[in-house]
Structures are given as structure tokens and as C-alpha cells.
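Okay, structure first, notes after.
Worth saying up front: this structure is predicted, and the values here are computed from it rather than measured. All chains are named by letter (A, B, ...) in the order of the sequence lines, taking the proteins before the strands, and each is independently numbered beginning at 1.
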Amino acid sequence: MAEPKENLQMEKIVSLCKRRGFVFQSSEIYGGINGFWDYGPLGAELKRNVKELWWNAMTRQRDDVAGLEATIIMSPKIWEASGHVATFADLMRECPLTKKRVRADQVEPLSGVAYHFSGAKSGQIVNELNDQLMNEGASAAAKAVLVETMARLKDSEEALVAAATMLEASNDKVVAQWARNVFKQLADNKKSNHSFSYLLLQGKNPESARKAAREFYSQAGIEMPLLLDESTEKMENSTDYHPDSFVHLAEPRPFNLMFKTYVGPVESEDGIAYLRPETAQAIFAQFKNVLETSRQKVPFGIAQVGKAFRNEVTPRNFIFRSREFEQMELEFFIKPDEVIEAIHGSVASVSDSQLSTLNPQPNWGWRAWHQYWVEERVRFYEGIGLDRSTLGFHQQTPAELAHYARACTDILFKFPFSKKDENGNVAGDELEGIAARSDFDLSQHQRFSGKPMGVFDDELRAAWAKLPKEKQDDLWKRYYDNRKNYLTKCAKPDETAEQISRQATDDANGLAKGQYIPHVIEPSAGVDRLILALIANAYSEETKTDEKGKSETTVVMKFHPRVAPVKAGIFPLLKNKPELVKKAQEVRELLRPWMNVFYDEAGSIGRRYARQDEIGTPFCVTIDFDTLGEKPELLDTVTLRYRDDGRQERLKISELRDWLLARIR
RNA sequence: GCGGGUGUAGUUCAAUGGUAGAACGGCAGUUUUCCAAACUGCUCACGAGGGUUCGAUUCCCUUCACCCGCUCCA
């Protein structure tokens, strides 16, 4: 079993993090607090490096992204607009199939016949086994036995067993082997014991109950589910079923994932505020201000790094999911595809092979931008030592996507705790999601704040005027449909269809005037998860055996030099020789303004190397007697030792700084 | 949130109804000319609270934290 080994790996990482000062439990002296972690001296350096590299890559190294640092507590209206208050705050019951939530106290009573199922097992194997016998060179007699049992018994699994029992003793080797296979594979067959219940309204086809149940079990990972123990029960005015999906609701739970506090000295309802559950919304709320002051034009982005808070039901896996965490988010605003088409005649599509060489083009639509950002982000991870092979990708399915999102690609890292699928492959867990969020966010803030969030685009206005009428009509209609679709889905209870149509018409009419609401691509990364990924990725053990046969295992943290908390260790070969110590301290002072270095004179030289290996210091510099001129040609040179292979070379002190800088930047 | 498991130095582990021991680490010193050398000394723990008991780290209860599974989350 690989399971314990993986736990062991995590245990080793957690204990190293504590032992060497990367991560501590928050409030440890008081017994800790669930879901909160502190960064120790080395963890703080590591995290700072990561955030700085991200900030640099996203803002300073680009012309088209501006930075922002917003407050953690914001107007509660922001969270109403974003939908977080509605979905995060009340006692809710969730439909296990559609994941739609309803307020527990507002479930509509329904009457009908409830169809209960106690669970399901996979029918995939049943089909495969059936096909196996029917397609292979089995005798007609054997096939006939199977056909007969299948016809006789309702449960196809039972039928297979019955057939296999009869054919087990067959002289035909293929058939006998098949029978043994049946027993073995059915014993391993995947099963779900979750019960499922569906309320069938009067006059509806019972098949819709079974269809819903099969869908539910498929989602739970049972392929081609065979339903178990169907039973029915008459229901009068039951409030346990979802009014749209008719599926039995899960128990009521508080979905108040936002931390609540009070602004002002009096704890009154008026003063309620929330700690932000994501950093993104501040970017949307400040979109106009940034646009005006940064002199940017769409397409452009706003980047932010900062803390976010979620009252997670179950924080797990060390710092992977905690209640206070840090995000690095970019909101990259782009023109809607209709606008691109109006200006450029068509929307460019980009193949994956082109991405690596292509710079962003003015005629890119949302798909190209989405691909571009996925690629950019992967390159960022590669640049800090996470090889492509350690990453995974997940394209969210339509069912997983938020209703406003058009696509979302998750970048995953294969953590030691990541689960294996049936084939033994590790998909990984999410480091970052890159979502194409349409114009949902800005639209919501426009509606809730009453302030226009659209932009004006000269190029669009000029291009629109030159378009033939039918092209204008075509684009107008598509833009109108998108707007109407959004407005309908997000309608407030008092909004009429007529109002919605009128608003969508206004929005689409804006195109001719050069106005539109930008769409957004959102690469959103978790800092703490990334730190854990870097630590897990860097962790390696080396076992050395000396001449006496005594073997010793040492830990080497193979951080990329860019993220390593300490860039260089600086040692005098011996501490009882004042000239060596003095020279070593000079070297420390030389490097200190440029990078984080660590001076160490305690213990043997080997011990000091080992200590640096364990915290992932990529280079060590040793001042020895040659530095002092014992061999005149080596005067003012030092030993430079590499962490990953112990290799050593001689370097002039005068070249040391630039040599190191070239490798840590 | 439910179920199971675990809490002893910084780490990994012992022992015990009569107040805790090792290894490694850390610190100081002697020594040491390149990969955790050796020697000496020192430092550091029964997660918290309550109960039973003459006495609890040990038994019981509560609580907190961590790990695993489900759930949740993305």
C-alpha cells in the first residue's frame, strides 16, 4: 500500500518545517488553532521570495499590468454584488446532484412518490465481462448460457454470477478462465453506499428518477451505475426535495464561509462587515480608478497579492487549505469577442504550438487569452523549479463551472497527499485556477453600485461605423444575447423580462458608441499552496555510507536558487584562526546588501554544509588558507560549493557577487 | 460536521499509579586544513482543564490540536 508511505512523506515535511523554522502551528503554546499556520524565519523568506517573483513577473516585467493593494475589510455591498453573501451566509441545503442550494427555511413543499435507492455499483465491469465472453472464441453453448441467465435474472450482476457458476467447470479453457475472472472482478467492483432519493411528481415517468440517480452515482465515480434496492414511498408536502431537481436535499448546513466582524465600536447589524474571502473583488471595485490613473487601455490587467479568509468546514493537509491564506490574483481585462470582430473582422484562434512563440495580439479573443495565461503561468512555475512533470491540469467541466464562467483551467501540483485515480495516476491538487469569467464581475458591480463599469473605445466606434449593416446586426444580436442571458440569470426578484430586454438593448446599443463592459481572464493562485508545493518538490533524502559501513540519511532541500530562503552560506574553514574568521566576515559584508546570506562558524565544515543543505541554501562559500595566500596564485579566492552535488570550484572574491546574482535572479 | 486513530524534550522514539530516559539536534568549550569526526559540559518534554486516588504522564471525563476516511471546499 502506497498510502502510509505518502503520509510518511507529509509527516517528514511537516516535521522538517518545524525543526528548521519554515512553518509553525499558529498559537502553538495555547494548543494551536485549527486552520491557521505561521511562517517561521525561513518560511517567511521563502514566501517573500515567491510573492516578489510573482509581482515582478506580473507587473514590473510587463507593460500591460498594474498593481493594487486593497483593504481586507471592504463595503459589505461588494460581497452582495459578488454573490458571496447570498451563497456564503445562511443555513442552506444542497442538492447532491446539481449542487444547487436552497435556504433551509424556504424549501417549497412537494408531493409525489419518492424513489429511494440504497446505493449503486459499477455496470462497466458487467458490460465488459459480458462482451468478453460474447466476443471471444467461446462456444455457442457457453454464450447461450449467458444469454439465458441475462434474460432470466433482472440483476445483470447476478446473471453473470449464475452463468459463471454454471460454466466454471467447462472444459473450454477460455470459458473457464472467463468464469474465474467474473468472480474476481465482481468482488473488486466499485460500489457506493450513499443513498439517493428522488421525488417523482404525479404523472411523471419513473425513468426520470432512475436517470437522476444514475447521474448522481456517475458523479460519485461509479461508471455506468447499476442502482441498488429501489423502493418507493408516498410523500405529502415534503420539504426535503429540491424544487427544481426533485432530489433529496442534504442536511442543512451553515454556509457562512465568510468571517464576520463589526465596524465601529458598537456591535450592531449596521456595522457588519466581512473579511474578504478572495482578493479579486477589490480589483473589480477599483477597476475604474486604476484604469484612469494607470493610463492603461483594454486589454490590460490588475494584479494583487494579499490575505483572504474563509471559514472552511475542514481545513486539511497542512498549509494547503487553511482559514487565513494568501492569494496572488490577476484580473486581465479584455475586449468581448464581438468587439474584436468589429475591429479586426475576425477573432484570432491560437494553436497551443503557437503560444510559446506568440506575443499577445490585438485580435485575440477570450480563448486565445485564456490559453496564453495558462501558458504564462506554467512558465512561471517552471521558472521557480516546478517542472512541468510535477504539474497537472484540469479543465473544469460545464457542471463544475460557475454559471457565469466560460472556461476554467486548474493548474495542479502532485502533492504527497494527492489521490490516485483508478489507474494509479496522480492528478494533483489545485495550485491555481485560470478562469474566463466573461463580463460577470464588472456587470455585477455596475448593477449593485449603479456606477458604469464599461469602457469607451475609440477604435471600436470608428470600426463600427464602417461595418456593413448586416455585420452590425449580427454582432449586435450576439452581444445582446450574451447580455440578456447574463441579466436573466442574475436578475433581482423584482426585475421583469421587459426591463431585462430593455437593459440588454441599451448595452448592445453601446457598441455603436464604442462602449462595452470588458471581459476578464483571472489567473488566481494560492501562495501557501505554492509554498507547500515548493517544499514538497524540494525535499530529497540522500543516504551516505562511510568506510565503517555506518550509513546516514541527510535531507537536502533542492529549492530553485530564486526561491531559496538563504542564497549562500559563508564559512571560515576553521573558527579558531582569526584571519580566516575576519576574511569570512568581510565576504559576508560584501554580499549582505545584495542577498540573504548566512554566516556560520560553529562545528566542522561538513556539519555546516549539511545544515545549509537541509534548509536548501544553493551555494556555500568557504574561506580557507588559500584565500589568505598560502598558495599565492589563489590569494583572495574562495571555495564555492554546490548544494545539489557537492561539487566545488574556486572563485575570486571580486567576482563572487556577480556570479551569485546571475544565479539567484 | 460525522466516524476512527494519535498527543512524552526542537525532532524521532522509550519507560512508569510513587514525578521521566535515549538518540539526533541546539548551545558553550577543547580540538579540527572541505562534506553531520571526537571529547567534555549544558539546555529542553508528559497538549490543556477537571475527576478518581495518599499520590495520575499512566485510569476516567471534557476540551484543544494533529493524522486517516467520509463530508465540505476549489
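- The nearest whole Å value for the distance from the CG atom in A:Asn576 to the P atom in B:U33 is 8 Å.
- Shown here are the side chain to side chain donor-acceptor pair (under 3.5 Å) partners of A:Lys567, two or more places apart in sequence or in another chain: there are none.
- Proximity note for A:Ser604 (side chain, C-beta onward) versus B:A36, B:U33, B:G69: the nearest is B:A36.
- Taking only side-chain atoms of A:Arg310, from C-beta outward, the nucleotide of B:C34, B:A74, B:C70 with the closest atom is B:A74.
- At the phosphate of B:C34, neither OP1 nor OP2 sits under 4.0 Å from any side-chain N or O atom of A:Thr622.
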I'd like a list of close polar pairs between nucleotides 62-67 of chain B and the protein, N/O only, cut-off under 3.5 Å.
{"unit_1": "B:C64", "atom_1": "O2'", "unit_2": "A:Gly31", "atom_2": "O", "d": "3.2"}
{"unit_1": "B:A65", "atom_1": "OP1", "unit_2": "A:Asn34", "atom_2": "N", "d": "3.1"}
{"unit_1": "B:A65", "atom_1": "O4'", "unit_2": "A:Gly31", "atom_2": "O", "d": "3.0"}
{"unit_1": "B:A65", "atom_1": "O3'", "unit_2": "A:Gln25", "atom_2": "NE2", "d": "2.9"}
{"unit_1": "B:A65", "atom_1": "O2'", "unit_2": "A:Gln25", "atom_2": "NE2", "d": "2.5"}
{"unit_1": "B:C66", "atom_1": "OP2", "unit_2": "A:Asn34", "atom_2": "ND2", "d": "3.0"}

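- Between the base of B:G10 and the side chain of A:Ser15 there is no donor-acceptor pair shorter than 3.5 Å.
- A:Asp613 comes within contact range of no nucleotide atom at all, as no heavy-atom separation falls under 4.0 Å.
- Geometric assessment of A:Arg367 against the ring of A:Trp369 yields a negative cation-pi assignment under the 6.0 Å and 45° thresholds.
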Check your understanding: What would the secondary structure line of RNA chain B be in dot-bracket form, counting Watson-Crick and G-U wobble pairs under 3.5 Å, with [ ] for pairs that cross earlier ones and | for pairs with another strand?
Key -> (((((((..((((....[..)))).(((((.......)))))....(((((..]....))))))))))))....
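- A side-chain hydrogen bond (donor to acceptor under 3.5 Å, both in side chains) with A:Thr639 is found for exactly one of A:Glu649, A:Gln648, A:Arg650, namely A:Arg650.
- At the heavy-atom level, A:Gly433 lies nowhere under 4.0 Å from the strands shown.
- Interface remark: the A:Gln648 side chain does form a donor-acceptor pair with the B:C34 base, using a distance-only criterion of under 3.5 Å.
- The nearest whole Å value for the distance from the CZ atom in A:Phe415 to the P atom in B:C68 is 14 Å.
- Judged by a 6.0 Å distance limit and a 45° cone about the ring axis, A:Arg641 is positioned over the six-membered ring of A:Tyr609.
- To the nearest whole angstrom, the two P atoms, one in B:A15 and one in B:C54, are 28 Å apart.
- B:U19 adopts a syn glycosidic conformation, its chi angle falling within 90° of 0.
- Counting only residues at least two apart or on different chains, the salt bridge (charged side-chain N to carboxylate O under 4.0 Å, His left out) pairs with a member in residues 523-543 of chain A are A:Lys12-A:Glu541, A:Lys47-A:Asp528, A:Glu542-A:Lys558.
- Straight-line distance from the CD1 atom of A:Ile605 to the P atom of B:A38: 17 Å, rounded to whole Å.
- Annotation: B:C44 and B:U6 have their C1' atoms spaced 23 Å apart (nearest Å).
- The nearest whole Å value for the distance from the CZ atom in A:Phe320 to the C1' atom in B:C72 is 14 Å.
- Atom P of nucleotide B:G1 and atom CG of A:Leu257 are separated by 13 Å, given to the nearest angstrom.
- Of all heavy-atom pairs spanning A:Ala533 and A:Leu431, the tightest one is CB-CD2, 3.9 Å.
- Considering only residues two or more places apart in sequence or on other chains, A:Lys414 meets the side-chain contact (heavy atoms from CB on, under 4.5 Å) condition with A:Val426.
- Across all strands, A:Glu430 comes closer than 4.0 Å to base atoms (heavy-atom distances).
- Here the side chain of A:Thr639 is nearest to one of B:C34, B:A74, B:C72, namely B:C34.
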Listing time: all N or O pairs from protein to nucleotides 25-28 of chain B that are below 3.5 Å?
{"unit_1": "B:G25", "atom_1": "OP1", "unit_2": "A:Arg607", "atom_2": "NH1", "d": "3.2"}
{"unit_1": "B:G25", "atom_1": "OP1", "unit_2": "A:Arg607", "atom_2": "NH2", "d": "3.2"}
{"unit_1": "B:G26", "atom_1": "OP1", "unit_2": "A:Arg611", "atom_2": "NH1", "d": "2.6"}
{"unit_1": "B:G26", "atom_1": "OP2", "unit_2": "A:Arg607", "atom_2": "NH1", "d": "2.9"}

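- With B:C73, B:C34, B:U11 as the candidates, the nucleotide lying closest to the side chain of A:Arg321 is B:C73.
- Looking at heavy-atom distances under 4.0 Å, A:Glu630 makes contact with a base.
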